[in-house]
Amino acid sequence: QSALTQPASVSGSPGQSITISCTGTSSDIGRYKYVSWFQQHPGKAPKLLIYEVNNRASGISLRFSASKSGNTASLTISGLQAEDEADYYCCSFTTRTIPSFVFGSGTRVTV
Amino acid sequence: QVHLVESGGGVVQPGGSLKLSCTASTSTFTTSGIHWVRQAPGKGLEWVTFAQIGGNRRDYADSVKGRFTISSDNSENTLYLQMDSLTLEDTAVYYCVDDCLSSGACYMTGFWGPGTLVTVSS
């Protein structure tokens with residue numbers, strides 16, 4: 001099924017804030033609270049940042065925050081640091097067809 | 001937090017089969033479910049399948065339905081992904097993912113294994 005829509009790339013300078021959007025439909029983001037965000041560095045497994053729309057996973061910096069409005073979820077990284085340079089994926093539970101999960105297309109963040 | 005490790009990846013010809021394993025660091029699975037998620041080289045993440053641990057629920061993405069079969073052996077704390085009729089498009093790193101955090105929040109919030117690479121090539 002079609003991936004959630006994310007911008008291909010976002011860039012920012014150290015210390016700045018950036019926001020990554022993730023657009024889905026009324027069958028996924030618009031309907032469920034099960035929206036997550038993952039960070040992936042090259043050659044590594046994805047790492048959970050945010051779950052259930054806006055809950056930070058254990059050990060995740062307060063610089064990462066997230067929200068949802070309608071069919072769109074957003075991840076904000078404040079106080080951008082060099083270590084934040086990575087790929088970011090949103091993910092939502094969906095019932096477009098069977099109960100399953102759909103990922104975003106991914107956003108490359110450049111610092 | 002339970003750790004998961006995948007194994008069984010390798011090179012296989014189109015039309016061939018491969019069986020992946022996902023093993024937990026505990027003697028039995030303590031979670032309610034395990035997902036497989038894959039990532040083709042240079043591409044994004046794709047959900048593949050979900051298995052309910054201790055239950056019969058199995059869900060498959062349309063792209064693998066009828067070709068992939070997930071099974072579990074709780075006594076061996078291992079989950080298996082049998083992949084048949086493999087195509088070039090199945091080439092990817094395959095990750096197994098715990099459905100739940102130790103805090104109880106679920107829906108693919110748990111630990112990701114390091115992944116195992118499956119390459120389908122003639």
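Throughout, protein chains are lettered first and strands after them, A, B, ... in sequence-line order, and every chain is numbered starting at 1. Since this is a predicted model, take the numbers as computed values, not measurements.
- In the hydrophobic cluster analysis, where Ile, Leu, Val, Met, Phe, Trp and Tyr join through side-chain heavy atoms closer than 4.5 angstrom, B/Tyr80 is grouped apart from B/Val2.
- The nearest pair of heavy atoms linking B/Gly113 to A/Ala45 is O-CB, 3.4 Å.
- The shortest distance between side-chain heavy atoms of A/Cys91 and B/Leu45 does not fall below 4.5 Å.
- Of all heavy-atom pairs between A/Phe38 and B/Met108, the closest is CZ-O, 3.7 Å.
- A continuous path of hydrophobic side-chain contacts links B/Leu88 to B/Leu86 [ILVMFWY only; heavy atoms under 4.5 Å].
- Of the listed residues (A/Ser36, A/Pro99, A/Ser105), the one with the most heavy-atom contacts under 4.5 Å to chain B is A/Pro99.
- Residue A/Ile20 is grouped with residue A/Phe64 when hydrophobic side chains (ILVMFWY) are merged at heavy-atom distances under 4.5 angstrom, including chains of intermediate members.
- Taking every heavy atom of both residues into account, A/Ile98 and B/Tyr60 meet most closely at CD1-O, 3.1 Å.
- Neither the backbone nor the side chain of A/Pro42 comes within contact range of chain B, judged by heavy atoms closer than 4.5 Å.
- Once rounded to the nearest 0.5 Å, the distance linking CG of B/Asp98 with CG of A/Leu48 reads 11.0 Å.
- Neither the backbone nor the side chain of A/Lys47 comes within less than 4.5 Å of any heavy atom in chain B.
- Considering only heavy-atom pairs separated by less than 4.5 Å from chain A, the leading option among B/Leu101, B/Thr49, B/Val97, B/Val93 is B/Leu101.
- Chain B forms more heavy-atom pairs under 4.5 Å with one residue of A/Phe93, A/Tyr51, A/Tyr89 than with any other, namely A/Tyr89.
- Heavy atoms of B/Glu46 lying under 4.5 Å from chain A belong exclusively to its backbone.
- A/Tyr32 places none of its side-chain heavy atoms less than 4.5 Å from the side chain of B/Tyr107.
- Other residues, nucleotides and ligands contribute at most 12 non-hydrogen atoms within 6.0 Å of the CZ atom of A/Arg108.
- Between A/Phe101 and B/Trp47, the ring-plane angle classifies as tilted under the 30° and 60° cut-offs.
- In the hydrophobic clustering of ILVMFWY residues, with side-chain heavy atoms under 4.5 Å counting as a link, B/Leu81 and B/Val12 come out together.
- In the hydrophobic clustering of this structure, B/Val5 does not group with B/Val48; members are Ile, Leu, Val, Met, Phe, Trp, Tyr whose side-chain heavy atoms approach within less than 4.5 Å, directly or through other members.
- By the neighbour-count criterion of 12 heavy atoms within 6.0 Å, atom NZ of B/Lys43 is sparsely surrounded, having that number or fewer from other residues, nucleotides or ligands.
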